[in-house]
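Working notes for the structure below.
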Amino acid sequence: MSKHLTFKFIAIGVVMLVLMIALGMVEGMVASRRAYKTEALSSIADGAAGMQRVEGLVWVLPFRKKVMNAPDEHGVQTYHWEEREYRVLPDQLSADGDIRTYTRKRDMYQALLYHADLTLSGDITLPDTRAERKDPNIIWGKPFVALGISDMRGIKEIPVLTWNGIDHTFEPGSKMKKIATGIHIDLPEHDGDARTIHFQVRLPLEGMDELSVVPLGRNSDLHLKSDWRSPSFVGRYLPDVRVFSAKGFDAQWKTSWMSNGMNEHFEQCMSGQCDQYRDVALRTRLFEPVDVYMQTDRASKYGILFMILTFAAFFLNEIMRKISIHPVQYGLVGMSLAIFFLLLLSLAEQLPFWLAYLIAASACVIQNGLYGGHALGSRRAGLIHAGMLAGLYGILYLLLCMEDYALLCGTLLLFAALTAVMMLTRKVNWYAIGRNEVQEAA
């Protein structure tokens, strides 16, 4: 093989290395723009409620108990008072929520927020403390119910509790050390009798990105419906029933202490270990299914594949049509392919992704078709080159739309392209090409 042909291969390789650096710069730009978006969304979140986690309802009866100390060295007996409390979780907890979404913009970025109308209802059995009330070493406090809410800024209206048929309004603060933020209601003194109380909480709540409910009930069920069509159900417990439609989604969870061990996790949390307790939360995340930065980043990953296939088509034209294409021309075509991704990013920030992709791809196809006609020495060859490039852009868009099969389809495309090159060049005598070039140079 002639030195000239060897030089051509080396030059094309160098061009591809330079273009890979350019693609890396494009990926860096995508990461930078994504960081700007994250910063903008953070500033929106600073002025609005963030992710919401609802914990409750918990009935709490505080009391002080006189505890004797061990005798000192002189045999003197002393005592101290310990702060203790009864904590009772619901036997049955049902949560029903209707989530309505809206957006808030900052510059050209927008964040997804929601308003949730939550209703918590169920039954709770108060403990029998009649025997302990005869103990003179116990001073009973006033019972209260607590409801944990992770971001209090989301409470725009005062929630109402219906307790045994009587309405009460909540006060700020959960009054529980391990449930840092929340609300509470002081209840009338407990007479010590065991009985079951029915309750209902009407809780209007605003938040951002995610809503989760901690299933504290012995038996718990959660029903959420929303106008948002693309939720993500995350966590250890997924919905038993989920329905998606053009109007939104409808999801239902059902769990119990037998499956989630919530009674034990709750007591562990009250002792300071809350990781497992919060892991059991039933979580729903509202997110945008198509993020332009993720899509553009995924598209740029296929940039090198584009260049390989395009350069291979150019080189085949050199061989089959016996023409010569300068490495600079390879570089210009490759640079056009690299700039496509930058053009796609800038358009996608302003337009729907599919429209931005269509405009960017059309511009690059027309540009390369016109240039390819001159580089290949034939208008027909330029049209064929443009058609091939349009097909590649179409295939890339299909790959971007695929989640589970993108790698498989991309690999099959590369395999098919390699097979086509092998079949088209199966009768090419590469040594003869080298000799011909030597003779032409002479």
Side-chain angles (χ1 to χ4, degrees), residues 54-68 79-96 118-149 158-179 182-203 213-222 254-271 274 277 280:
V54 178
E55 308 173 47
L57 195 79
V58 182
W59 183 86
V60 182
L61 176 59
F63 62 92
R64 300 177 65 203
K65 186 170 184 177
K66 191 178 192 180
V67 179
M68 305 301 294
Y79 63 89
H80 67 280
W81 290 91
E82 288 186 355
E83 300 289 341
R84 300 182 181 182
E85 59 187 18
Y86 275 104
R87 295 182 292 265
V88 181
L89 302 180
D91 298 313
Q92 175 67 40
L93 177 64
S94 298
D96 190 88
L118 285 176
T119 300
L120 306 178
S121 60
D123 299 303
I124 193 165
T125 301
L126 305 186
D128 184 352
T129 60
R130 287 174 297 181
E132 294 170 287
R133 286 184 177 274
K134 299 176 182 179
D135 188 343
N137 294 318
I138 296 179
I139 299 176
W140 296 95
K142 200 171 185 179
F144 64 92
V145 290
L147 183 66
I149 298 173
I158 298 178
V160 176
L161 167 70
T162 302
W163 180 264
N164 203 26
I166 301 175
D167 288 348
H168 303 265
T169 55
F170 280 93
E171 298 292 335
S174 69
K175 296 181 69 172
M176 299 183 69
K177 294 181 180 180
K178 300 305 178 182
I179 300 180
I183 52 182
H184 76 280
I185 291 176
D186 291 321
L187 297 174
E189 291 187 6
H190 179 48
D191 57 12
D193 289 335
R195 61 180 181 275
T196 299
I197 302 294
H198 180 76
F199 66 87
Q200 184 181 76
V201 179
R202 297 180 293 281
L203 177 63
V213 176
V214 179
L216 288 179
R218 184 184 300 272
N219 293 290
S220 300
D221 57 82
L222 169 64
K254 191 176 290 291
T255 184
S256 69
W257 290 354
M258 294 293 291
S259 62
N260 59 32
M262 175 53 72
N263 53 331
E264 296 180 2
H265 298 326
F266 178 77
E267 291 303 326
Q268 290 173 359
C269 183
M270 295 301 102
S271 301
C274 293
Y277 164 72
V280 181

If you take all heavy atoms of Ser94 and Asp221, which pair is closest and at what distance? OG-OD2, 3.1 Å

Would a 4.5 Å heavy-atom cut-off, applied to side chains only, mark Val280 and Thr255 as touching? no

At what distance, to the nearest 0.5 angstrom, does CG of Leu187 lie from CH2 of Trp59? 8.5 Å

Using 0.5 Å steps for rounding, measure from the CD1 atom of Ile197 to the CG atom of Asp91. 11.5 Å

When Val88, Val145, Leu89 are each screened for side-chain contact (heavy atoms from CB on, under 4.5 Å) with Val58, the one that passes is Leu89

N/O donor to acceptor pairs below 3.5 angstrom from side-chain atoms of residues 262-270, sequence neighbours left out:
from: His265; atom 1: NE2; to: Asn260; atom 2: O; distance (Å): 3.1
from: Glu267; atom 1: OE1; to: Arg87; atom 2: NH2; distance (Å): 3.0

Shortest non-hydrogen separation from Trp257 to Pro90 and the atoms involved: CZ2-O, 4.3 Å

Reported CZ-to-CG distance for the pair Arg195 and Asp123, which is rounded to 0.5 angstrom: 13.5 Å

Take atom CD1 of Ile158 as the centre, draw a 6.0 Å sphere, and report whether it contains more than 12 heavy atoms from other residues, nucleotides or ligands. no

Would you indicate whether Lys65, at its atom NZ, is surrounded by more than 12 heavy atoms from other residues, nucleotides or ligands within a distance under 6.0 Å? no

Checking Glu132, Arg84, Glu83, Glu82 against Phe63 for side-chain contact (heavy atoms from CB on, under 4.5 Å), the one that qualifies is Arg84

Could you tell me how the ring of Trp140 sits relative to the ring of Tyr86: parallel (under 30°), tilted (30 to 60°) or perpendicular (over 60°)? parallel

Walk me through it: do Gln92 and Thr196 pass the test side chain to side chain contact (heavy atoms under 4.5 Å, CB included)? CA-CA 11 Å; Gln92 175 67 40; Thr196 299; over 6 Å; no

Are side-chain heavy atoms of Asn137 and Tyr79 found at a separation under 4.5 Å? no

To the nearest 0.5 Å, what is the distance between NZ on Lys254 and CG on Leu222? 10.5 Å

Heavy atoms only: give me the nearest Glu189-Pro143 pair and the separation to one decimal. CA-CD, 3.8 Å

Taking all atoms of both residues into account, what is the closest heavy-atom pair of Lys142 and Pro62, and its distance? O-CD, 3.4 Å

Please say whether more than 12 non-hydrogen atoms of neighbouring residues, nucleotides or ligands are located less than 6.0 Å from CE in Met68. yes

Take Asp135 and Lys66, measure what side chain to side chain contact (heavy atoms under 4.5 Å, CB included) needs, and give me the verdict at the end. CA-CA 10 Å; Asp135 188 343; Lys66 191 178 192 180; over 6 Å; no

Tell me the closest heavy-atom pair linking Pro127 and His190, and the distance in Å. O-NE2, 3.0 Å

Closer than 3.5 angstrom, by distance alone: can the side chain of His168 be matched with the main-chain N or O of Leu161 as a donor-acceptor pair? no

First locate atom CH2 of Trp163, then atom CG of Leu57, and finally report the distance between them rounded to the nearest 0.5 Å. 6.5 Å

Let me confirm one number: the CG-CG distance from Leu147 to Leu216, rounded to the nearest 0.5 Å. 9.5 Å

